[in-house]
Amino acid sequence: MSEKRALLQLYRPELSLLTDLYQLTMAHGYWQNGDYDREAIFHLFYRKNPFKGDCAIACGLDTVIDYLQSWQFHREDIQYLGSLKGNDGRPLFDESFLNYLQRMRFECDIEAVPEGTLVFPHQPLIKVRGPLIQAQLIETALLNMVNYATLIATKAARIVQAADGDTVLEFGLRRAQGIDGGLTASRAAYVGGCHATSNVLAGKLLGIPVRGTHAHSWVMAFSNELEAFRAYARAMPNNCVFLVDTFDTIDGVRNAISVARELRSEGHKFLGVRLDSGDLAELSIAARQLLDEAGFPEAQIIASNDLDEYRIQQLKERGATIKVWGVGTRLVTAYDQPALGGVYKLGAVKGPEGDWHYKIKLSEDPIKVSNPGSLQVLRRFEQGQPVEDLMINSLEESLEPEAGQQPLLQKIFTKGQLVYPRPDLHQIRRYSLQQQEQFAQLNIKAYPCNLSAPLKARKNQLIEAQQFQNQ
């Protein structure tokens with residue numbers, strides 16, 4: 001089933017109130033001051049690589065597209081906003097402003113990096129250009145949809161890289177942060193490189209391959225483990241991976257082998273065993289020996305139990321014979337970094353005379369100083385390998401890339417109309433893996449991400465001017 005419109009299959013068609021109140025109070029202010037239709041440019045980006053890593057995997061754009069295609073304030077939304085009161089007990093918003101919101105239709109230009117693109121701090125993942133009031137109102141939803149998805153896709157990529165060619169399954173639904181957290185995590189993990197998910201709803205809505213066997217409760221429901229394995233084999237002869245650690249892991253492997261022989265005699269293939277506790281390295285080595293001696297060298301050893309990239313790497317270093325990794329809690333909760341920290345900053349506003357006024361956010365913390373203008377990132381290649389990212393201000397510099405350069409931001413919406421040929425989820429995953437492969441051959445810590453000379457000069461000029469004004 002196509003993933004398109006999955007957002008709208010889960011939620012009401014209109015999500016315009018998926019925002020913070022201050023976006024609406026600012027919108028009301030812009031409207032009152034007559035600034036609401038001034039053209040503005042905003043950029044969505046993050047400041048620090050997640051997980052103390054070297055990059056991130058952009059994700060969440062397809063959900064953003066669904067959201068923006070149906071972005072509209074409906075009558076029920078306006079009625080709710082009209083019920084809000086200020087400190088004086090009077091309506092928070094003017095009725096004429098609410099009438100304007102109900103008539104408003106999305107008309108911004110959107111550019112974004114394709115999902116699966118390997119990106120770096122301060123590079124815009126999304127650029128919004130359009131009426132100030134609209135660009136402001138969609139901020140919170142865009143951050144919500146991109147921050148978490150990018151975080152999980154990046155975590156998944158790290159885990160897949162640690163698995164080094166082994167199969168990685170996303171098993172995190174029961175520990176995910178709510179229903180949407182579970183679905184978003186399954187999708188983002190697949191983009192990051194996971195091979196399948198246990199989440200059946202994600203399989204239905206998004207077309208992600210689903211995998212799963214049985215739990216400890218299945219074994220505990222029978223009088224003994226051998227009986228439980230035999231009953232499962234009768235019920236699911238084409239899906240026989242046995243969870244072997246309910247009582248004693250090694251005895252569990254022996255029982256699994258007994259049933260595996262029975263399966264083979266009936267013409268069915270035994271897929272393997274799953275380990276979920278204990279010393280996974282030692283147990284996997286012992287299990288591999290038993291399986292090989294019993295004539296099942298093709299049977300796989302699957303492991304779960306609070307795995308992440310660090311533990312997988314440690315287990316591999318200890319000689320674990322695990323070939324399939326079921327990763328749950330530490331993937332879907334982005335264990336050791338709960339948020340990406342993406343932000344949405346104003347880069348320029350058009351003045352009454354049609355000239356652009358550049359904007360910059362200053363801070364005593366240099367990492368929080370934003371870049372002005374209308375940003376684009378040009379990735380330069382030599383012999384098919386990326387060698388440098390250059391950020392430019394397209395209001396002052398040519399958008400025509402030189403030979404060997406590729407613009408990362410692509411047109412998604414023009415005047416509110418979708419112009420982007422949306423790839424399916426499997427194409428996005430393949431692109432993500434290609435990106436990871438390209439950069440795996442580089443010293444990514446030393447990969448240069450620079451500002452063009454004109455952009456750097458404009459930024460310094462604005463910093464100096466702002467500092468002079470504050471003297």
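The analysis underlying the following values was restricted to heavy atoms, covering all of them including side chains, and did not include hydrogens, waters or symmetry mates. One-based numbering along the sequence shown.
Using a 4.5 Å heavy-atom cutoff, the side chains of Leu118 and Ile444 are in contact. Using a 4.5 Å cut-off on side-chain heavy atoms (C-beta onward), Cys194 and Arg429 make no contact. Put simply, the side chain of Glu397 reaches to within 4.5 Å of the side chain of Leu455, judged on heavy atoms. Looking at Ile110 and Val64, their side chains never come closer than 4.5 Å, going by heavy atoms from C-beta outward. Between Val419 and Phe413, the closest side-chain pair of non-hydrogen atoms is not below 4.5 Å. Between Gln32 and Asp94 the shortest side-chain heavy-atom distance falls below 4.5 Å. Counting only heavy atoms from C-beta outward, the side chains of Ile65 and Ile412 approach each other to under 4.5 Å. In this structure, the side chains of Thr117 and Gln123 stay at 4.5 Å or more apart for every pair of heavy atoms.
Within a 6.0 Å radius of NZ in Lys85, more than 12 heavy atoms belonging to other residues, nucleotides or ligands are found. The number of heavy atoms from other shown groups lying within 6.0 Å of CD1 (Ile179) does not exceed 12. Within a 6.0 Å sphere centred on OH of Tyr80, other residues, nucleotides and ligands contribute 12 heavy atoms or fewer. The environment of NZ in Lys361 is crowded: more than 12 heavy-atom neighbours from other residues, nucleotides or ligands sit within 6.0 Å.
Here the straight-line distance linking atom CG of Leu346 with atom CD1 of Ile41 works out to 8.5 Å at 0.5 Å rounding. Rounding to the nearest 0.5 Å places CG of Leu143 at 8.5 Å from CD1 of Ile126. In this structure, CD in Glu402 is found 8.5 Å from CG in Leu390, a value given to the nearest 0.5 Å. Of the inter-residue distances, the one linking Ile322 atom CD1 with Leu280 atom CG reads 5.0 Å to the nearest 0.5 angstrom. We find the CG-CZ distance between Leu206 and Arg187 to be 7.0 Å, quoted to the nearest 0.5 Å. Summarising the geometry, atom CG belonging to Leu92 is positioned 9.0 Å from atom CG belonging to Leu81; distances are rounded to the nearest 0.5 Å.
Of the N and O atoms on the side chains of Gln79 and Ser83, not one donor lies less than 3.5 Å from an acceptor on the other residue. Between the side chains of Glu388 and Asn450, at least one donor N or O lies within less than 3.5 Å of an accepting N or O. Donor-acceptor pairing under 3.5 Å is lacking for the side chains of Arg175 and Thr333. No hydrogens or angles considered: a donor-acceptor pair under 3.5 Å links the side chains of Ser304 and Asp276. Under 3.5 Å, the side chains of Gln461 and Arg458 contain a donor-acceptor pair of N or O atoms. Side-chain contact of Asn147 with Tyr46: a donor-acceptor pair under 3.5 Å is absent, judged by distance alone.
Distance alone, capped at 3.5 Å, places no donor-acceptor pair between the Arg75 side chain and the Gln102 backbone. Not a single donor-acceptor pair under 3.5 Å links the side chain of Arg174 to the backbone N or O of Gly328. Listed for the Gln134 side chain is a donor-acceptor partner under 3.5 Å among the backbone atoms of Arg105. With Thr184 contributing its side chain and Gly181 its backbone, the two residues share no donor-acceptor pair below 3.5 Å. A distance-only check finds no donor-acceptor pair linking the side chain of His195 to the backbone of Leu169 [under 3.5 Å]. Using a distance-only test at 3.5 Å, with no hydrogens or angles considered, a donor-acceptor pair links the side chain of Ser16 to the main chain of Gln72. The closest donor-acceptor contact from the side chain of Gln376 to the backbone of Leu409 lies under 3.5 Å. Not one N or O on the side chain of Arg211 forms a donor-acceptor pair closer than 3.5 Å with the backbone of Thr197. No side-chain donor-acceptor contact under 3.5 Å links Lys316 to the backbone of Ala162. Between the side chain of Asp308 and the backbone N or O of Arg330, no donor-acceptor pair lies under 3.5 Å.
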Exercise for the section: Begin with the C-alpha distance, continue with both residues' side-chain angles, and end with the deciding distance and a verdict on side-chain contact (heavy atoms from CB on, under 4.5 Å) for His43 and Lys345. Expected result: CA-CA 5 Å; His43 304 99; Lys345 297 300 177 185; 5.8 Å; no
Exercise for the section: Report the C-alpha separation of Leu17 and Phe73 in whole Å, then their side-chain angles, then the decisive distance to 0.1 Å, and conclude whether the side-chain contact (heavy atoms from CB on, under 4.5 Å) test is met. Expected result: CA-CA 8 Å; Leu17 294 188; Phe73 288 90; 3.9 Å; yes
Problem - Verdict with reasoning, Ile392 to Leu378, per side-chain contact (heavy atoms from CB on, under 4.5 Å) - result: CA-CA 8 Å; Ile392 67 169; Leu378 302 177; 4.1 Å; yes
Practice task
Before giving the answer on side-chain contact (heavy atoms from CB on, under 4.5 Å), spell out for Tyr358 and Leu395 the whole-Å C-alpha distance, their side-chain angles and the decisive distance to 0.1 Å.
Solution key: CA-CA 10 Å; Tyr358 294 111; Leu395 297 178; 3.5 Å; yes
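Between Asp62 and Arg422 a salt bridge is recorded (basic side-chain N to carboxylate O distance below 4.0 Å). Ion pairing between Glu382 and Arg380 holds under the 4.0 Å rule for side-chain N and carboxylate O. For the pair Glu309 and Lys155, the salt-bridge criterion is met [side-chain N within less than 4.0 Å of a carboxylate O].
Looking at every heavy atom in both residues, Pro423 comes nearest to Ile428 through CG-CG1, 3.7 Å. Here the shortest heavy-atom pairing between Pro50 and Cys55 reads CD-O, 3.8 Å. Nearest heavy-atom pair, Gly130 versus Cys108, reported as atom, atom and distance to 0.1 Å: CA-SG, 3.9 Å. Of all heavy-atom pairs spanning Gln337 and Phe51, the tightest one is OE1-N, 2.6 Å. Of all the heavy atoms in Leu44 and Tyr344, the pair that sits closest is CB-CD1, 4.0 Å. Across all their heavy atoms, Arg47 and Ile367 have their closest contact at O-CD1, 3.5 Å.
Classified by interplanar angle (parallel below 30°, tilted 30° to 60°, perpendicular above 60°), the ring pair Trp31/His28 is parallel. Ring geometry for His426 versus Tyr190: interplanar angle over 60°, hence perpendicular rather than tilted (30 to 60°).
The only option from Gln436, Glu115, Gln435 that meets the side chain to side chain contact (heavy atoms under 4.5 Å, CB included) definition with Ile57 turns out to be Gln436.
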